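Throughout, protein chains are lettered first and strands after them, A, B, ... in sequence-line order, and every chain is numbered starting at 1. Keep in mind it's a predicted model, so treat the numbers as computed, not measured.
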There are 2 protein chains.
Amino acid sequence: MADTEPTQVPPTEVPAEGADPKGPSKSELKKRAKEAEKAKKAAEKKAKQDELAAQKAAADVDYATEFYGKLPLNQSQTRPRRARVQIASLNPNMDGQTVLLRARVQTSRAQGSKMVFLNLRQRTDSVQALLSVTPETVSKQMVKWAASLQDESIVLVEGVVKKSPEIIKSATVGDVELHVSQLHLIAGLEGRLPFTVEDATRPETEIESTEEVQYKRVLLDTRLNNRVIDLRTQTNQAVFRLQHGIGSFFREYLESQGFIEIHSPKLQGAATESGASVFQVSYFKGKAFLAQSPQLAKQMAIAADFERVYEIGPVFRAEDSNTHRHMTEFIGLDLEMAIEEHYHEVMELLDSLFKFIFTGLREKYSKEIEAVRRQFPADEFKWREGPEGTLKFSFREAVDLLVEDGVPRETLDDINTENEKRLGRIVKAKYDTDYFIIDKFPMELRPFYTMPDPEDPTVSNSYDFFMRGEEILSGAQRIHDPTLLAEKMISKGVDPASMTPYLDAFKMGCPPHGGGGIGLERVLMLFLKLNNIRRASLFPRDPKRLEP
Amino acid sequence: MADTEPTQVPPTEVPAEGADPKGPSKSELKKRAKEAEKAKKAAEKKAKQDELAAQKAAADVDYATEFYGKLPLNQSQTRPRRARVQIASLNPNMDGQTVLLRARVQTSRAQGSKMVFLNLRQRTDSVQALLSVTPETVSKQMVKWAASLQDESIVLVEGVVKKSPEIIKSATVGDVELHVSQLHLIAGLEGRLPFTVEDATRPETEIESTEEVQYKRVLLDTRLNNRVIDLRTQTNQAVFRLQHGIGSFFREYLESQGFIEIHSPKLQGAATESGASVFQVSYFKGKAFLAQSPQLAKQMAIAADFERVYEIGPVFRAEDSNTHRHMTEFIGLDLEMAIEEHYHEVMELLDSLFKFIFTGLREKYSKEIEAVRRQFPADEFKWREGPEGTLKFSFREAVDLLVEDGVPRETLDDINTENEKRLGRIVKAKYDTDYFIIDKFPMELRPFYTMPDPEDPTVSNSYDFFMRGEEILSGAQRIHDPTLLAEKMISKGVDPASMTPYLDAFKMGCPPHGGGGIGLERVLMLFLKLNNIRRASLFPRDPKRLEP
């Protein structure tokens, strides 16, 4: 170990008692020096061995001689290299095996003074452990101590796997239990839990059907204030595995299509796109702005010949709205690609991408989806999988559907959130799908860089994608011609001079291109029907929340 | 097409001339209505066919009748679905085939008035194209027009693949050339190029050996000011494919080890870690700070039972330093994991991760590495691959090596950048490796959350990883005990009250854990020896640069 002081060896150069008073010869001296060196090395080796033995002994004290108690703070004192197992791997074939594992105490329940049941948890897996007084290993004191362990304590458990006579319903691994021989506390709690993980996992419907509503319900704000506890629920462990899955499928699909990942700067010299909703940063003696999207950078990457790029990164919106679907910071799954003939090349690629993600989630994350459903019951997410393909409307057709349904046409210059949801319900009833595309948005609803339709300048080559009646992607063909781009900037009230580096990129020749930006948390929220976007973000940020 | 108005059909309900004045019978009316409906449908069908034919005709005008000229701005007018090819796919077996492709004109060179040679480029691939006067397809005017095309214009080319009699050295695909039959301009340039892509690709050594040094050298600042052109070089196309590769291998390895990806907020309520180098953001009526690293969030994810997490995201440092290796925004490859016994579990996993990345780059990106080497000559990056494993020192041993080499010990409380590089040279000379680890840093050099060594509180359970004598990773075991954590905060001058949500996470029970943060651009810069970190960032940010 690099941090251990070398053991001091007594100097051997001191003349031994009764040595030749004339002093030893030169060769004798050389010989002695050599021997001394050898002895020193042997002593060092011995010291190292002793040290290792002492460490091992210390480990044995920790893990064997004392059957229970609090372990000293782990500062990496020892490394006994004793294998530890995962609860998920326990099974009846291991009957009789002694195993060691680290887990949380979800609950501990004494039965008389001689027995205690522990529910041990690792992430989404749990197993029942039983501790009962046994001569020489488990004392009455040990049982008492175990019964007193606070919920959510982290323990190191040694025990024997036993096939359980009947399935234990309170554990996810129900066909075995653990007969504990040693139990040590790795980390306890300071203070009381704000709520139990069990309460935080309760299905919303169950809560509403009991009389203990006020008592059992853990409000969203309470959860978010104590997010570290809230995230320990099986539901949230599953939610964030699913979040990982979406990102992973996004990359997998795009890489199969020749895209490369880029990383564009979030610090910008100018307030881009639209000035109103941009955060300002103190930047040394000047100021900077947080990127609202990687829009400009990814377009410049296309002008720089990268052809097909994607980015996964934070996106900042200084909008003072506290709705169920807005956050001030979220993760954008962005892509941009050169077009050969038509922007529908992009729209079709995006459509294939979504279907790849949906199918991937259903196939590889069914266990997680099921776990979330237990707390947030929802219909399975549906999309058209047949040869007829994804349902697509033009904006005009979408408006017609709403008018048919009774919405006054004069209110439909734009489709607001309420009408979006209504449209989702109409589509679901009529076509039985939770996923569709609206193409050809009016030009006035889109940003300056959107390519107008070739026939009708009031319409644009742009599209939105929807899940359960909420927008999850916005995209378009972009203007790659600098003259038209500057014109559109002016007509939308953006000063071209404020965006010189961006405009310059197009002056140096840029191919026709298009793309889109997906809100990761929205896809997650809507696929699972979590009803609030904050539930789909690890540590959400909104105008009122910057912590934890 | 959703945006096309349905064709108007003349009403058929008007009574035909000479019809029965009494009016038709009911059944007759029904029959007529049916016929009218049928006629309407047929007319609609015909209109649609006509429209398609017109589109096709329009496409034919664009791509066939006119053999050259500027195409109208692509607003997705038509979609002829004519396959376009990649230059990289061209080969002598295609001799005689007609192909269509979009490419940049790298150079165009007239030979007399009847012939022009074009060097066509797509990303890192190029091919020679030849245009010569041919009856009925290529006119003199067309050749003249082609010769006048500005470098970096984007063209659509139709041509016949011809096996070339000898290898064309100026192109990457040298065994074929393209005999052009049609040539259209998709996007031209506005204004002059600030430098040519050819000049920007010139090897640094070659520049120094010519007399045209001042003329040929494209300075880094000029490159960065015109990054969109600079990024088009084969070198930069390769650099950013390699950047993609590093991120991709990072994820692949960690996912194989049970890690999940998280996304933590960059907007923070308090200036964390150390207040000095944090950017401040105006947040509605209050303020926020940009995260210096995902340190606190990823530790909270461990307290929330995620066990093994990683994140790829921007990291912000408000340090006013303009060195070759500092940026104000860079990409952190971060990970954090629970420890079972010893923090060396983390250090060893990180070591395996790096070796996985190095091996992956060498095996799957050799073409890209070679392309970069042509402009930035460098020794191949070396690491120990034998059973002896990666070279590891304690901080104390590293100091000894420097002292042996002549550095005064009293200057070595810390190892500064200069001494880091010196150490790199010593290690390279002595052990022939560009990659090593230093373990056991003094506690006073590390942040408050670093776990002290169990034997010597002046030393910590922390490590740095080095490539070519520069630090690329910093990591440690973290303090998971809230009491010790609060103590260390106070001793490092951090007010525990300013970090309540973070401290609370540990009060709710957190397993021992450790991790590290890797600078993506540093790994890329040092693997390739690019000498300046800005070359490893798509659009770099430093105290003086916020654009493009």
Side-chain angles (χ1 to χ4, degrees), chain A residues 2-3 73-77 79 84 123 152 154 187 189-191 228-229 231-232 244 247 260-263 265-267 269 279-282 284 288 300 303-305 314 329 331 340-343 394 439-440 451 454 459 461 481-482 501 505 507-509 511-512 538-539 541 543 546-548, chain B residues 2-3 73-77 79 84 123 152 154 187 189-191 228-229 231-232 244 260-263 265-267 269 279-282 284 288 300 303-305 314 329 331 340-343 394 439-440 451 453-454 459 461 481-482 501 505 507-509 511-512 538-539 541 543 546-548:
Chain A
D3 55 315
L73 178 69
N74 181 332
Q75 290 184 256
S76 305
Q77 289 89 335
R79 195 175 183 187
R84 299 184 183 181
R123 309 181 76 170
E152 295 299 303
I154 301 172
L189 272 69
E190 260 185 37
V228 163
I229 315 288
L231 288 171
R232 290 181 195 162
H244 166 93
I260 70 161
E261 185 173 20
I262 58 166
H263 301 284
K266 305 308 154 206
L267 290 167
F279 288 114
Q280 188 178 309
V281 181
S282 303
F284 304 103
M300 287 196 279
D305 282 357
E329 179 178 351
I331 296 296
E340 297 296 349
E341 296 176 339
H342 198 286
Y343 78 97
S394 67
D439 194 9
K440 292 284 165 199
M451 182 65 87
V459 169
N461 290 351
D481 179 78
K507 289 185 181 165
M508 295 300 111
L538 201 63
F539 299 109
R541 294 291 181 257
L546 276 168
E547 280 176 344
Chain B
D3 54 314
L73 179 68
N74 180 332
Q75 290 184 256
S76 305
Q77 290 88 335
R79 196 175 182 188
R84 299 184 183 182
R123 310 181 77 169
E152 295 299 303
I154 302 172
L189 273 69
E190 259 185 38
V228 163
I229 314 289
L231 288 171
R232 290 181 195 163
H244 166 92
I260 70 162
E261 185 174 21
I262 58 167
H263 300 285
K266 305 308 154 204
L267 291 167
F279 287 114
Q280 190 179 309
V281 181
S282 303
F284 304 103
M300 287 195 279
D305 283 356
E329 179 177 352
I331 297 297
E340 297 296 349
E341 296 176 340
H342 198 285
Y343 78 98
S394 67
D439 193 9
K440 292 285 162 199
M451 183 63 89
D453 177 89
V459 170
N461 289 351
D481 179 78
K507 289 185 181 164
M508 296 299 112
L538 201 63
F539 299 108
R541 293 292 182 257
L546 276 168
E547 280 178 343

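Among A:Asp481, A:Leu267, A:Leu538, the residue with the largest count of heavy-atom pairs under 4.5 Å with chain B is A:Leu267. Taking chain B as the reference chain and counting heavy-atom pairs below 4.5 Å, the highest number among A:His263, A:Gln280, A:Met508 is found for A:Met508.
Atoms CZ and CD1, on A:Arg123 and B:Ile260 in that order, are 6.0 Å from each other to the nearest 0.5 Å. For the atom pair CG (B:Asp305) and CD1 (A:Ile154), the distance works out to 6.5 Å, reported to the nearest 0.5 Å. Taken from CD1 in A:Ile262 to CZ in B:Phe539, the straight-line distance is 7.0 Å, to the nearest 0.5 Å. Rounding to the nearest 0.5 angstrom, the gap separating the CD atom in B:Glu341 from the CG atom in A:Asn74 is 9.0 Å.
No donor-acceptor pair under 3.5 Å is formed between the side chain of B:Arg541 and the backbone N or O of A:Pro265. B:Arg232 places a side-chain N or O within 3.5 Å of a backbone atom of A:Ala303 that can act as its donor or acceptor partner. Within the 3.5 Å criterion, the main-chain N or O of B:Pro454 finds no donor-acceptor partner in the side chain of A:Gln77. Panel note: side chain B:Glu329, backbone A:Lys266; a donor-acceptor pair is recorded below 3.5 Å. Not one N or O on the side chain of A:Glu547 forms a donor-acceptor pair closer than 3.5 Å with the backbone of B:Pro501.
Looking at every heavy atom in both residues, A:Tyr343 comes nearest to B:Ser76 through N-OG, 2.9 Å.
For B:Met300, the parts sitting under 4.5 Å from any heavy atom of chain A are the backbone and the side chain alike. Proximity to chain B is limited to the side chain of A:Pro314, based on heavy atoms less than 4.5 angstrom apart.
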